[in-house]
J.: 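My structure is below; once you've seen it, I'll send some questions.
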Amino acid sequence: MDQMLLTTSRTSHLPLPSMLLPLTCQSLHQPISSPKLQLTQFPHQPSTCLTTPHDHPTSIQHTQQIHAHMIKTHFDNNHQNVPLTPFLSHLSPAAQYNFLITSYNKNNFPESSLQIYAHLRRIDFQVDNFTIPSVLKACGQCSWVVLGKEIHGFVLKNGLDGDVFVHNSLMQMYSECGSVVSARLVFDLMAERDSVSWSTMIRSYVRNRLLTEALEVVREMHIMHVKPSEVAMLSMVSLFSDLADTRTGKAMHGYVIRNSNYDRLRIPITTALIDMHAKCGNLSSAKRLFNGLPQKNVVSWTAMIAGCIRCNKLEEGTKLFNKMLEGRIFPNEITVFSLIIECGFVRALELGKWLHSYTLRNGFVMTLSLATALVDMYGKCGDTRSARSIFDGWDNKDVMIWSAMISAYAQANCTNEASDLFAQMVDRGVKPNQVTMVSLISLCAEVGALDLGKWIHLYINQQGVDVDLILKTSLVDMYAKCGDIDGSYRLFSEAKDRDICLWNAMITGFSMHGFGKEALELFEEMERLGVEPNDITFIGVFHACSHAGLVAEGKRLFDRMVGSYGLVPKIEHYGCMVDLLGRAGRLEEAHEFIKTMPMQPNTIIWGALLSACRLYKHPDLGEVAAKELLELEPQNCGYNILMSNIYAAANRWNDVAGVRKTMKDKGIKKQPGLSSIEVNGSVHDFVTGDRAHPQTGKIYEMLAEMTMKLKEAGYTPDTSVVLQNIDEEEKETSLNYHSEKLAMAFGLIHTAAGTPIRIVKNLRVCDDCHSATKLLSKIYGRVIVVRDRNRFHHFREGSCSCGDYW
DNA sequence: ATAGGGTTAG
């Protein structure tokens, strides 16, 4: 039978009977465009009856045959023809159409369903409240929200909005299209709700990562005495497992115990709870449930072992794996798949390799999905070579494995490899999905590749790739991190639905660029709209206060974070406050603040104080901070150098020599400076004094020209920075050969006059490069955007957006 | 004839 189905389905692709014109805007009275709708010719096939007794009534073959038969017999005109099989004959014409639509939906041919709908509207057939839900489902499957909205209008106009099925399917459609606000609107306006309405609302919030809202609906549902069925309960638990935190996980557990009688689905529900607890980081609860299970099957073992690995209890996981084998329960493909994926999650390369060899030794068939899991794991562990060898060993590659390999390169910051692979993928006609796009876009953000990022954005728009909130957030983040804050804000302001991640991306983007005021205004707007900030929001907000020098505002917000929002400040938040006080020159106050912290200060805290001491030339307090830092991380060269700079600024040359000697004795090397610049879609890297680039000659000529022009403009090198250099030889490659200057020279050669130059650096910009770049921006009439480790500098006409304060 | 949902992947 399978063979039969297989051969038939090869010969008949997407059906499009000739009577159905392309579904266009005109046919529905308003402009609608869907790049997804691919129209094909109706295949030349005889419209005979069901050919085999094995054909399921809703198989795609059968569906197409019925469809073709209806066309051939002019079903539309007389509505009398007995269809192909007796079981449809008792149905009304409307029901027969609906049968076709649902069959196409079930076979994952939503485009065909929509063709039929368009046809019905064209011939003025009365579309009833039974058909609308099926059509909306097809819209959801295509993520075609424009058509969905049109149908919503049709529903209201034709008085079909008294039907709970219609409402539920409208909610589901909006949710599938990522428009959770519209789904909520439908939900709120419903006169009558059933249990499906409630679970649909919960699902749409969870899918759009809105945990708080989802939990609120669960609570409301509880108050209204609506109980989910066991199946709904099971699906709810597994839905929440990817999103919940420890507290929420425990609350969900309690909810299940109070509201489920555990009749039929005890083991599945418990297994889902085990999975949820482990993913929430609550391994002990997971273990308690697991141990309490009267019967354990391979699924429960898998969930438990995967949970151990996720919580980084590798030995415990391995022990349980062996215990499972002792109990003669054997892992299946999903078991090894899950465990390999979790190894990637915690970067457990050794265990991952072992599982790889286990599958080979135990006769597991290497499937595409298993290979994908391995590529993913090796990629996450940073072993791009192993990932690539698995990848290359596979012939019929699909989107998933492509995405996994691209993401492996992306995580290793191998921009050119990733973009090459993406090009190959497009060449071979494999359609990338949102996962592919997100990993490419976040790679561009990481390395600052604006051109490539823009190109991919263009591709997304042209190909009609669905832009969900995750992808939108990564785009907003990419534009911001690549220095194009305007592009970032444009996307953000166009977004209709905004979740907390999107708000965070924009707030962080503004503060990273020194637009403290804008960041704070955005935060206020968010509050006005009732969006609840989380701990990440406050990091962005505090940075904004720091950059704008708003000490009082920052302190007030710190109190509100605890008082109004009940958030527990993490060490990062305390670090922000130290930075805020320090940058404002309130060094003693910052020091006092550190003493009142409820936790042990770490390097972030002391580092913030040390930077402030350097800025305000306060060697005594600087010594205190540096001493703490060097105790925590004696090998860190940055702290040593900062300290030596502070001594130099205070003319304490003996102390400078002391730090230098310590560094030499301990063999502490300066972290090499690394800058990159993107030209014509390729990323070029430079280290300090780099001579490896193929165009080295030209670059150094340009550098000489730059130095000359700088001198003419009256620039003198900042000698205090030279003191950073430890070795004598390093003096040779001093100021002039800092990596950002090399990148700048390359940019001046290869970009058109007047266009901005964008550089990404791994360290902080040094004082000397900062003042040189200011002048260079004026000399060459260029906007120069430098992203350093902490923030952006926009150099323009001789000055910098940071106000020389970074 | 219509909407959602079935434990360990994506």
Side-chain angles (χ1 to χ4, degrees), chain A residues 57-58 87-88 90-103 105 127-138 140 160 163-173 175-176 183 186 193-204 207 228-239 241-242 256 264-276 278-279 286 289-290 293 296-307 310 324 329 331-342 344-345 367-370 372-373 376 398-401 403-404 433-435:
Chain A
T58 54
F87 78 96
L88 277 186
H90 67 283
L91 298 177
S92 69
Q96 296 192 29
Y97 281 124
N98 202 12
F99 171 84
L100 266 186
I101 293 175
T102 49
S103 304
N105 282 350
V127 180
D128 63 11
N129 57 339
F130 279 82
T131 309
I132 291 294
S134 326
V135 178
L136 286 170
K137 185 177 178 172
L160 299 169
D163 189 320
V164 68
F165 274 73
V166 171
H167 280 134
N168 289 344
S169 46
L170 275 169
M171 282 168 63
Q172 171 66 11
M173 179 278 296
S175 154
E176 290 269 323
V186 176
R193 291 176 193 150
D194 61 8
S195 66
V196 175
S197 325
W198 289 94
S199 22
T200 306
M201 198 61 244
I202 296 167
R203 279 168 51 80
S204 58
R207 280 212 196 155
S229 68
E230 265 198 290
V231 175
M233 185 69 93
L234 178 51
S235 100
M236 208 146 86
V237 175
S238 60
L239 263 178
S241 64
D242 285 331
V256 172
R264 207 160 45 93
L265 301 179
R266 169 158 196 164
I267 294 182
I269 289 180
T270 310
T271 306
L273 285 170
I274 291 171
D275 179 56
M276 183 192 70
K279 282 181 178 154
L289 280 174
F290 180 74
L293 266 182
K296 299 178 178 69
N297 59 20
V298 66
V299 181
S300 18
W301 280 98
T302 302
M304 192 63 241
I305 301 168
R310 170 162 292 229
M324 169 177 73
I329 288 182
N332 59 22
E333 203 211 336
I334 297 176
T335 311
V336 289
F337 181 98
S338 310
L339 302 190
I340 289 169
I341 290 281
E342 297 301 349
F345 189 82
T367 60
L368 188 55
S369 64
L370 206 49
T372 308
D376 179 88
D398 68 354
V399 214
M400 301 293 284
I401 195 158
S403 297
N433 58 21
Q434 291 187 41
V435 180

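Convention: sequence-line order gives letters A, B, ...; per-chain numbering from 1.
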J.: Once you apply a heavy-atom cut-off of 4.0 Å, does A:S235 come out as touching a base, just sugar-phosphate, or nothing?
T.: sugar-phosphate
J.: Could you check whether A:I334 gets within reach of a base, just the sugar-phosphate, or nothing at all, counting any heavy atom under 4.0 Å?
T.: base
J.: Nearest 0.5 Å, please: how far is CD1 in A:I341 from CG in A:L370?
T.: 9.5 Å
J.: On DNA chain B, which is the earliest and which the latest nucleotide, 5' to 3', with an atom closer than 4.0 Å to a heavy atom of chain A?
T.: B:dA1 to B:dG10
J.: Quick one: label A:K279 by what it contacts on the DNA or RNA (base, sugar-phosphate, nothing), any heavy atom closer than 4.0 Å.
T.: sugar-phosphate
J.: Taking A:N98 for its side chain and A:F130 for its backbone only, find out whether a donor-acceptor pair lies under 3.5 Å.
T.: yes
J.: Between the side chains of A:T131 and A:D128, is a donor N or O closer than 3.5 angstrom to an acceptor N or O?
T.: yes
J.: For B:dG6 and B:dG10, measure between their P atoms and round to the nearest Å.
T.: 16 Å
J.: Have a look at A:M400 and tell me which of A:D376, A:N433, A:V435 forms a side chain to side chain contact (heavy atoms under 4.5 Å, CB included) with it.
T.: A:N433
J.: Could you state the interatomic distance from CG (A:N332) to OG (A:S338), rounded to the nearest 0.5 Å?
T.: 8.0 Å
J.: Under 4.0 angstrom, heavy atoms only, what part of the nucleic acid is A:S197 near: base, sugar-phosphate, or nothing?
T.: nothing
J.: Can you tell me how far apart CD (A:Q172) and CZ (A:R203) are? Round to the nearest 0.5 Å.
T.: 5.5 Å
J.: Name the nucleic acid region contacted by A:D163, choosing base, sugar-phosphate or nothing; use a 4.0 angstrom heavy-atom cut-off, strictly under.
T.: nothing
J.: Considering every strand and a 4.0 Å limit on heavy-atom distances, what is the contact class for A:R310: base, sugar-phosphate, or nothing?
T.: nothing
